[in-house]
Amino acid sequence: MSIAIILHIFATVVWVGGMFFAYMALRPVALILLEPPLRLRLWTRVFQRFFPWVWLSILLLLASGYWMIFGVLGGMAAAGIHIHIMNSIAMIMVGLFIYLNVGPYQKLQAAVVTETWSDGGINLGKIRQIIGINLSLGLINIVIGAGGRFFI
């Protein structure tokens, strides 16, 4: 169980912490300091480095979460409501991240290659919205994970 918890927390810190940094620190500074072509190139490179870590985090979160549910708790029927809520939120987050990857992120990369900055800006805006939603959901999941059984 300890290994599963460590992996779960590690993956959460990487994904949610990365989104927090990108959304709350990097985005506002890049918006102020960089013109659109350089800003879009920056974000493309940042995402190229960050998204593989998100995929790894998703794998670790799902593996460790289900390891704890099925290996320790005895299955979903034995899990508390807070576990079901966390699992539901996690599935929404994963779905949003997959959509972000196959939709706006691919279009952002194509816009940077073709230097169609307006299209790139539109797709970066969509990515920002999805990351904002996923950051909010991730923070909610952290609160539920840290104290959900006491609140629910």
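Remark: Gln109 engages Tyr105 in a side chain to side chain donor-acceptor pair (under 3.5 Å) (not counting sequence neighbours).
By the rule that hydrophobic residues join a cluster once side-chain heavy atoms approach within less than 4.5 Å of another member, Phe70 and Met86 end up as members of one cluster. Under a hydrophobic clustering in which Ile, Leu, Val, Met, Phe, Trp and Tyr are joined whenever their side-chain heavy atoms come within less than 4.5 Å, directly or via other members, Ile81 and Tyr66 fall into the same cluster. Cluster membership check: Trp55 shares its hydrophobic cluster with Leu108, using side-chain heavy-atom separations under 4.5 Å among Ile, Leu, Val, Met, Phe, Trp and Tyr. Both Leu26 and Val54 belong to a common hydrophobic cluster when Ile, Leu, Val, Met, Phe, Trp and Tyr are linked at side-chain heavy-atom distances under 4.5 angstrom. Under the 4.5 Å side-chain contact rule for hydrophobic residues, Ile92 and Val102 do not share a cluster.
One distance of note links CZ of Arg45 with CZ of Arg49; it measures 9.0 Å at 0.5 Å rounding. Atom CG of residue Leu38 and atom CH2 of residue Trp117 lie 9.0 Å apart, to the nearest 0.5 angstrom. Considering CG of Leu135 and CG of Leu139, their distance stands at 4.5 Å, rounded to 0.5 Å. Separating the CG atom in Leu137 from the CE atom in Met19 is a distance of 8.0 Å, to the nearest 0.5 Å. Atoms CD1 and CD1, on Ile83 and Ile144 in that order, are 9.5 Å from each other to the nearest 0.5 Å. The distance from the CG atom of Leu124 to the CD atom of Gln129 is 10.5 Å, given to the nearest 0.5 Å.
Shown here for Ser64 and His8, the closest heavy-atom pair between the two residues is OG-ND1, 2.6 Å. In plain terms, the two heavy atoms of Val16 and Gly138 that are nearest each other are CG2-CA, 3.9 Å. The two residues Leu73 and Ala79 make their nearest non-hydrogen contact at CD1-CB, 4.2 Å. Counting all heavy atoms, side chain and backbone alike, Met68 lies closest to Ile5 at SD-CG1, 3.6 Å. The nearest pair of heavy atoms linking Met93 to Trp15 is CB-CH2, 3.7 Å. Among all heavy-atom pairs drawn from Tyr23 and Gly132, the shortest one is CE1-CA, 3.7 Å.
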Residues Leu100, Ile131; criterion side-chain contact (heavy atoms from CB on, under 4.5 Å); working and verdict: CA-CA 9 Å; Leu100 182 154; Ile131 289 175; 4.0 Å; yes

What's the verdict on side-chain contact (heavy atoms from CB on, under 4.5 Å) for Phe47 and Ile127, showing C-alpha distance, side-chain angles and the deciding distance? CA-CA 10 Å; Phe47 295 146; Ile127 292 169; 3.5 Å; yes

Residues Lys107, Asp119; criterion side-chain contact (heavy atoms from CB on, under 4.5 Å); working and verdict: CA-CA 8 Å; Lys107 292 176 184 175; Asp119 290 344; over 6 Å; no

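The other residues sharing a hydrophobic cluster with Val14 are Ile3, Leu7, Phe10, Trp53, Leu56, Leu60, Trp67, where clustering joins ILVMFWY side chains under 4.5 Å apart.
At least one donor-acceptor pair under 3.5 Å links the side chain of His84 to the backbone N or O of Met76. A donor-acceptor pair under 3.5 Å is formed between the side chain of Arg39 and the backbone N or O of Leu34.
None of Thr12, Asn141, Val94 except one satisfies the side-chain contact (heavy atoms from CB on, under 4.5 Å) rule with Leu61; the exception is Thr12.
For Glu115 and Arg41, the salt-bridge test passes: some basic side-chain N is under 4.0 Å from an acidic carboxylate O.
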